[in-house]
Protein chains: 2
Amino acid sequence: MSQMGYSCLMAVDRERVLRDAAGLLMRKSGATMDEVARAAGISRATLNRQFAGRDALVRALEELGLAECESALERARVDDGPASDAVRRLVRALEPAAGLLAFLYSENQLFEGYGQNEGWARLDARMVALFRRGQEAGEFRIDLSPVWLSEALYGLLVSAAWAVYEGRVASKDFTSNIAELLLGGAVRRTE
Amino acid sequence: MSQMGYSCLMAVDRERVLRDAAGLLMRKSGATMDEVARAAGISRATLNRQFAGRDALVRALEELGLAECESALERARVDDGPASDAVRRLVRALEPAAGLLAFLYSENQLFEGYGQNEGWARLDARMVALFRRGQEAGEFRIDLSPVWLSEALYGLLVSAAWAVYEGRVASKDFTSNIAELLLGGAVRRTE
DNA sequence: TAGATTTGAGACATGAATGTCTCAAATGGG
DNA sequence: CCCATTTGAGACATTCATGTCTCAAATCTA
């Protein structure tokens with residue numbers, strides 16, 4: 001029986017393993033548990049000690065991704081000031097989570113039918129609320145629904161993460177690419 | 001020994017199987033060969049007679065998707081008239097292929113390292129050329145690279161296909177949602 | 001109708017990934 | 001330095017998708 005001795009590294013280790021796993025799964029969603037373990041620098045046995053099976057790992061990654069998105073929403077203060085600026089701050093805050101999001105985006109297909117995780121629904125609601133606020137303030141056009149705008153934001157985050165990973169776009173342009181396209185579109189403003 | 005009797009339905013059958021497979025794999029990318037067969041209304045044995053293994057099926061789907069995209073580029077006459085209108089026509093022409101594209105988009109992760117299929121590179125080049133033409137004609141802003149614009153178009157197609165499938169956005173808004181967001185962005189024009 | 005071909009259902013072996021277990025080595029705290 | 005805990009490497013059984021094969025039924029053709 002362990003004495004429940006919490007050396008201060010236990011939580012950190014778990015977090016690091018999750019991030020390494022995300023880093024691999026983002027670009028190879030079907031990676032083996034063995035590959036995940038190797039990517040995290042631990043053995044498969046230890047990986048299975050920390051996460052009871054692949055499902056548990058994916059669930060943990062889902063929680064991590066959700067937590068990061070909610071943290072990003074907080075840090076971006078999406079309720080303050082013009083909605084356009086809030087979107088810009090949000091995209092910037094979401095950048096570190098984009099890779100993980102890209103993985104979860106493709107993985108969620110498998111979880112369909114599980115009945116949407118309630119956490120994502122709450123997150124969605126906050127994103128939708130941001131775009132709705134922009135519309136009601138007269139900033140955003142009303143012929144694009146808030147739901148579509150938030151879906152589009154997810155899609156752009158995933159494309160951009162993938163494009164950066166493949167070296168097709170520069171990492172430094174990640175935020176501006178997404179925010180400028182989402183807000184301003186491709187057509188030149190003539191005003 | 002078969003007499004190579006081509007009843008005129010053979011090609012059609014293969015095409016229909018591919019479309020049914022795409023319809024399933026789009027929303028469940030890890031579906032079993034058995035599930036694919038059932039979705040196509042045939043037995044697993046017959047499925048394996050037409051496509052020698054899962055890889056062959058995915059390759060065939062890739063070819064189909066590529067062919068549909070190239071067909072869409074042709075039908076949209078992307079070299080004619082204003083680039084904005086060309087983009088609108090292109091998005092409309094791509095709509096039927098969006099589901100298949102969504103599947104291939106997530107599947108291509110697995111093929112990384114195979115060295116990009118040359119077909120997709122050619123397709124990409126044509127998309128990029130369209131956006132470059134728009135820039136050179138002064139229609140599109142130059143701070144968003146043509147490469148990013150085409151990547152963003154892929155991402156929006158995937159998001160939109162997924163959102164329509166989940167019932168979050170109306171099917172009839174598919175084309176306008178993508179084209180209007182990609183071209184005009186979320187912010188209201190004040191001109 | 002008679003013959004040829006294709007299909008479906010199922011059995012079968014194969015390979016891969018998984019989860020569990022054991023034991024020796026490494027790590028860390030007291 | 002000693003002891004408790006954790007880790008890594010590997011063996012092992014299990015599960016599952018896959019690909020192949022057979023045979024009877026269905027379909028098509030002449």
Side-chain angles (χ1 to χ4, degrees), chain A residues 1-22 24-62 103 106-107 109-114, chain B residues 1-22 24-62 103 106-107 109-114:
Chain A
M1 290 299 169
S2 143
Q3 299 273 352
M4 276 301 161
Y6 284 105
S7 89
C8 65
L9 293 179
M10 287 195 65
V12 173
D13 265 349
R14 186 184 153 97
E15 182 93 3
R16 196 185 53 76
V17 169
L18 276 178
R19 300 209 176 273
D20 290 342
L24 172 61
L25 290 170
M26 159 194 8
R27 58 181 197 276
K28 190 173 181 181
S29 59
T32 295
M33 290 297 276
D34 202 78
E35 295 174 292
V36 172
R38 201 160 15 234
I42 61 178
S43 71
R44 194 161 63 95
T46 302
L47 180 60
N48 257 322
R49 284 179 190 115
Q50 288 192 318
F51 303 98
R54 189 173 233 285
D55 284 6
L57 176 63
V58 174
R59 295 306 176 92
L61 284 169
E62 203 173 357
F103 164 66
S106 67
E107 195 75 359
Q109 303 174 1
L110 309 179
F111 284 92
E112 79 168 337
Y114 273 40
Chain B
M1 288 298 170
S2 143
Q3 300 272 352
M4 277 302 161
Y6 285 104
S7 88
C8 65
L9 293 178
M10 287 195 65
V12 173
D13 265 349
R14 187 185 152 97
E15 182 94 2
R16 195 186 53 77
V17 169
L18 276 178
R19 299 208 176 273
D20 290 341
L24 172 62
L25 290 170
M26 158 194 7
R27 58 182 197 277
K28 189 172 182 181
S29 59
T32 294
M33 290 297 277
D34 202 78
E35 295 174 291
V36 173
R38 200 159 17 233
I42 62 179
S43 72
R44 195 161 63 95
T46 302
L47 181 59
N48 257 323
R49 285 180 189 114
Q50 288 193 319
F51 303 98
R54 188 174 235 283
D55 283 7
L57 176 64
V58 174
R59 296 306 176 94
L61 284 170
E62 203 174 358
F103 164 66
S106 68
E107 195 75 0
Q109 303 173 2
L110 309 180
F111 283 92
E112 78 166 340
Y114 273 40

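In what follows, chains carry the letters A, B, and so on, assigned in the order in which the sequence lines appear, proteins first and then strands, with residues in each chain numbered from 1.
Every residue meeting the side-chain contact (heavy atoms from CB on, under 4.5 Å) condition with Ala31(A), not counting sequence neighbours, appears here in chain and number order: Leu24(A), Leu25(A), Lys28(A), Glu35(A), Val36(A). For Asn48(A), there are no side-chain hydrogen bond (donor to acceptor under 3.5 Å, both in side chains) partners at least two apart in sequence or on another chain. Every residue meeting the side-chain contact (heavy atoms from CB on, under 4.5 Å) condition with Ala45(B), not counting sequence neighbours, appears here in chain and number order: Ser43(B), Arg49(B). Partners of Arg19(A) according to the side-chain hydrogen bond (donor to acceptor under 3.5 Å, both in side chains) rule, which considers only residues two or more places apart in sequence or in another chain, are Glu15(A), Glu68(A).
When rounded to the nearest whole Å, the span between CZ of Arg54(B) and P of dC16(D) equals 17 Å. Whole-Å rounding puts the Asp34(B) CG to dA17(D) P distance at 9 Å. Rounded to an integer number of Å, the gap from CG of Leu57(B) to P of dG19(D) is 10 Å. Between the P atom of dA17(C) and the CG atom of Asp55(A) lies a distance of 17 Å, rounded to the nearest Å. Computed from coordinates, the Arg38(A) CZ to dT18(C) P distance equals 12 Å when rounded to whole Å. Separating the CG atom of Asn48(A) from the P atom of dC21(C) is a distance of 11 Å, rounded to the nearest angstrom.
For Met33(B) against Gly53(B), the heavy-atom pair with the smallest separation is CE-C, 4.0 Å. Heavy-atom minimum distance, Gly30(A) versus Arg54(A): C-NH2, 3.9 Å.
In DNA chain C, stems built from 3 or more consecutive Watson-Crick or G-U wobble pairs, each with both distances under 3.5 Å, span C:1-30 with D:1-30.
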Worked verdict on Leu61(B) versus Glu107(B) for side-chain contact (heavy atoms from CB on, under 4.5 Å): CA-CA 11 Å; Leu61(B) 284 170; Glu107(B) 195 75 0; over 6 Å; no
Under 3.5 Å between N/O atoms: give me all the protein pairs with nucleotides 7-11 of chain D, atom names plus distance.
residue: dG8(D); atom: OP2; partner: Ser43(A); partner atom: N; Å: 3.0
residue: dG8(D); atom: OP2; partner: Ser43(A); partner atom: OG; Å: 3.1
residue: dG8(D); atom: OP2; partner: Thr46(A); partner atom: OG1; Å: 2.6
residue: dG8(D); atom: O6; partner: Arg49(A); partner atom: NH2; Å: 3.2

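Salt bridge absent: Arg59(B) and Asp55(B) never bring a charged side-chain N and a carboxylate O closer than 4.0 Å.
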